[in-house]
Trainee: 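Please see the structure below; I have some questions.
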Amino acid sequence: MLRNTFVYPPNHQVGYLNASRADLLRLGALFRVAATSSHSAIHIPVPPGAQPMTCVDSDTHPLPMLLAREDTGLRPSDWPNLRHRMRRASAPLRVTAPAARPPDRPDDVHRRADRSPARFAEHAATIVIIARAELLFWIGDWLTAVGDHVAQDRHVHQHGESFLGDMVGFFDPRGTDQPMHAFCVIAVEPIFHQARWRKRRTPIG
């Protein structure tokens with residue numbers, strides 16, 4: 001389980017992913033695993049004790065996420081039945097994620113992503129991301145790259161969290177319940193927060 005990953009559906013056209021460094025690296029690997037098979041999907045549950053994100057007009061609660069390749073034929077409306085079957089018959093499975101590659105892609109990959117972006121939909125209280133394998137690999141590599149950057153991010157050291165970037169151009173805004181123009185990724189990593197280490201070094205008494 002990703003214990004420090006919280007995915008918030010779009011609010012005022014912006015979705016949010018808050019995660020620790022380790023979870024960003026794991027999430028990148030899970031996107032690449034999803035990209036390798038046309039016969040499976042990856043389910044990422046909400047961690048226990050998840051808190052809502054306070055917005056201007058309401059609180060937004062994190063949702064679980066389902067990742068699948070486009071050629072699985074999976075539709076968001078299929079998820080409730082699939083979830084029921086998973087609860088009745090499931091077994092642990094160990095897989096090896098493909099190695100990460102640099103997130104930069106040539107122009108032809110960008111053009112194909114523009115023509116066939118990922119679908120980001122919300123159904124049955126779950127965020128469903130369906131995309132071509134090439135795009136799932138790309139998202140996974142992008143998440144791994146920003147996860148690798150967390151330990152050197154000065155805002156993480158100063159505040160314990162930092163905005164890492166917008167996932168813009170990956171998703172089709174028409175595939176959401178409300179238009180989405182950005183998916184913001186925020187690292188939340190108290191272990192690197194300098195105040196924590198100052199407190200540990202402060203003599204007692």
Side-chain angles (χ1 to χ4, degrees), residues 2-32 34-35 42-47 49-67 76 100 102-105 110 113-114 117-123 125-131 135-193:
L2 304 184
R3 298 189 179 278
N4 298 288
T5 295
F6 307 94
V7 184
Y8 298 91
N11 184 287
H12 295 292
Q13 301 185 350
V14 178
Y16 288 88
L17 165 63
N18 296 0
S20 66
R21 175 184 181 274
D23 274 12
L24 284 169
L25 299 177
R26 294 184 185 110
L27 187 58
L30 288 173
F31 267 89
R32 292 192 295 276
I42 302 292
H43 178 241
I44 302 168
V46 176
Q51 298 297 313
M53 181 176 64
T54 301
C55 302
V56 175
D57 54 355
S58 64
D59 287 345
T60 301
H61 291 267
L63 296 178
M65 190 161 54
L66 185 71
L67 314 175
D104 295 332
R105 293 296 193 270
H110 284 266
D114 289 340
R119 184 178 181 189
F120 184 106
E122 183 181 335
H123 188 83
T126 300
I127 289 172
V128 183
I129 295 178
I130 299 174
L135 195 48
L136 289 171
F137 269 115
W138 188 4
I139 295 172
D141 291 340
W142 191 92
L143 289 167
T144 296
V146 297
D148 280 335
H149 178 70
V150 169
Q152 291 80 39
D153 190 287
R154 63 185 180 88
H155 294 289
V156 168
H157 287 272
Q158 291 172 355
H159 309 292
E161 62 182 59
S162 179
F163 167 72
L164 300 180
D166 288 327
M167 298 177 72
V168 177
F170 289 117
F171 300 107
D172 180 359
R174 295 169 297 177
T176 63
D177 293 337
Q178 51 183 311
M180 181 177 70
H181 67 78
F183 194 44
C184 294
V185 178
I186 299 172
V188 181
E189 190 58 271
I191 193 172
F192 293 122
H193 191 188

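All residue numbers in this chain count up from 1 along the given sequence. Quick note: numbers below take in every heavy atom, side chains included, and nothing from hydrogens, waters or symmetry partners. All of these numbers come straight from a predicted model, not from anything done at the bench.
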Trainee: Ser162 and side-chain contact (heavy atoms from CB on, under 4.5 Å): which partner among Arg154, His155, His157?
Mentor: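 Exactly one option meets the side-chain contact (heavy atoms from CB on, under 4.5 Å) with Ser162, and it is His155.
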Trainee: Look at the side chain of Arg32 and the backbone N and O of Phe137, then say whether any donor-acceptor pair between them is shorter than 3.5 Å.
Mentor: no
Trainee: Is Glu189 reaching over with its side chain to a backbone N or O of Gly160, donor-acceptor style, under 3.5 angstrom?
Mentor: no
Trainee: Determine yes or no for a side-chain-to-main-chain donor-acceptor pair under 3.5 angstrom, with Asp23 supplying the side chain and Asn4 the backbone.
Mentor: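 Yes.
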Trainee: Over all heavy atoms of both residues, which pair between Leu135 and Ala113 is shortest? Give the atoms and the distance, please.
Mentor: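 Closest pair (atom of Leu135, atom of Ala113, distance): CD1-CB, 4.1 Å.
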Trainee: Please give me the minimum heavy-atom distance between Ala187 and Val150, naming the atom from each residue.
Mentor: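 Nearest pair, atom of Ala187 first, then Val150: CB-CG2, 3.7 Å.
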Trainee: Taking side chain as C-beta onward, heavy atoms only, is Glu161 less than 4.5 Å from Asn18?
Mentor: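 Glu161 does not reach Asn18 side chain to side chain.
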Trainee: What I'd like to find out is whether the side chain of Leu66 reaches to under 4.5 Å of the side chain of Thr126, using heavy atoms alone.
Mentor: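 Yes; the side chains approach each other to less than 4.5 Å.
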Trainee: Flag the pair Leu24 / Leu164 as yes when at least one side-chain heavy-atom distance between them is below 4.5 Å, and no otherwise.
Mentor: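 Heavy-atom side-chain distance check passes, below 4.5 Å.
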Trainee: State, yes or no, whether a side-chain contact exists between Met53 and Pro62 at a heavy-atom distance under 4.5 Å.
Mentor: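 No; the side chains remain at least 4.5 Å from each other.
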Trainee: Measure the spacing between CG of Asp141 and CZ of Phe31 and express it to the nearest 0.5 Å.
Mentor: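 It is 11.5 Å, given to the nearest 0.5 Å.
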Trainee: For the atom pair CZ (Phe6) and OG (Ser20), what is the distance rounded to the nearest 0.5 Å?
Mentor: 9.0 Å
Trainee: Ignoring hydrogens and angles, tell me if any N or O in the side chain of Trp142 forms a donor-acceptor pair with the backbone of Met167 under 3.5 Å.
Mentor: no
Trainee: Is the shortest side-chain heavy-atom distance between Leu63 and Pro9 below 4.5 Å?
Mentor: yes
Trainee: Looking at Asp166 and Cys184, what are the two nearest heavy atoms and their distance?
Mentor: OD1-SG, 2.9 Å
Trainee: Mind checking whether Ile130 and Leu67 have side chains closer than 4.5 Å, heavy atoms only?
Mentor: no
Trainee: Quick one: are Pro52 and Thr60 in side-chain contact, heavy atoms under 4.5 Å?
Mentor: no
Trainee: I'd like to know whether Arg119 forms a side chain to side chain contact (heavy atoms under 4.5 Å, CB included) with Ile129, so could you lay out the CA-CA distance, the side-chain angles of the two residues, the decisive distance to 0.1 Å, and finally the verdict.
Mentor: CA-CA 6 Å; Arg119 184 178 181 189; Ile129 295 178; over 6 Å; no
Trainee: Please give me the minimum heavy-atom distance between Thr5 and Ala19, naming the atom from each residue.
Mentor: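 Heavy atoms only, the tightest pair is OG1-CB, 3.8 Å.
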Trainee: Could you grab the distance from atom CG of Asp114 to atom NE2 of His110, nearest 0.5 Å is fine?
Mentor: 8.5 Å
Trainee: Could you measure the distance from the CD1 atom of Ile42 to the CG atom of Leu30? Nearest 0.5 Å is fine.
Mentor: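 Rounded to the nearest 0.5 Å, the CD1-CG separation comes out at 6.0 Å.
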Trainee: Please report the interatomic distance OG1(Thr144) to CG(Leu27), rounded to the nearest 0.5 Å.
Mentor: 8.5 Å
Trainee: State, with a plain yes or no, whether a side-chain heavy atom of Val188 is found less than 4.5 Å away from one of Ile186.
Mentor: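 The answer is yes, as the side chains (C-beta and beyond) meet within the 4.5 Å cut-off.
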Trainee: Looking at every non-hydrogen atom in both residues, tell me the closest pair between Leu136 and Ala35 and how far apart they are.
Mentor: CB-CB, 3.6 Å
Trainee: So which heavy atom on His43 is nearest to which on Pro64, and how close?
Mentor: NE2-CB, 3.8 Å
Trainee: Could you measure the distance from the CG atom of Leu143 to the CZ atom of Arg26? Nearest 0.5 Å is fine.
Mentor: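 Rounded to the nearest 0.5 Å, the CG-CZ separation comes to 14.0 Å.
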Trainee: Centres of the Phe183 and Phe120 rings: under 6.0 Å?
Mentor: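 Yes, ring centres under 6.0 Å apart.
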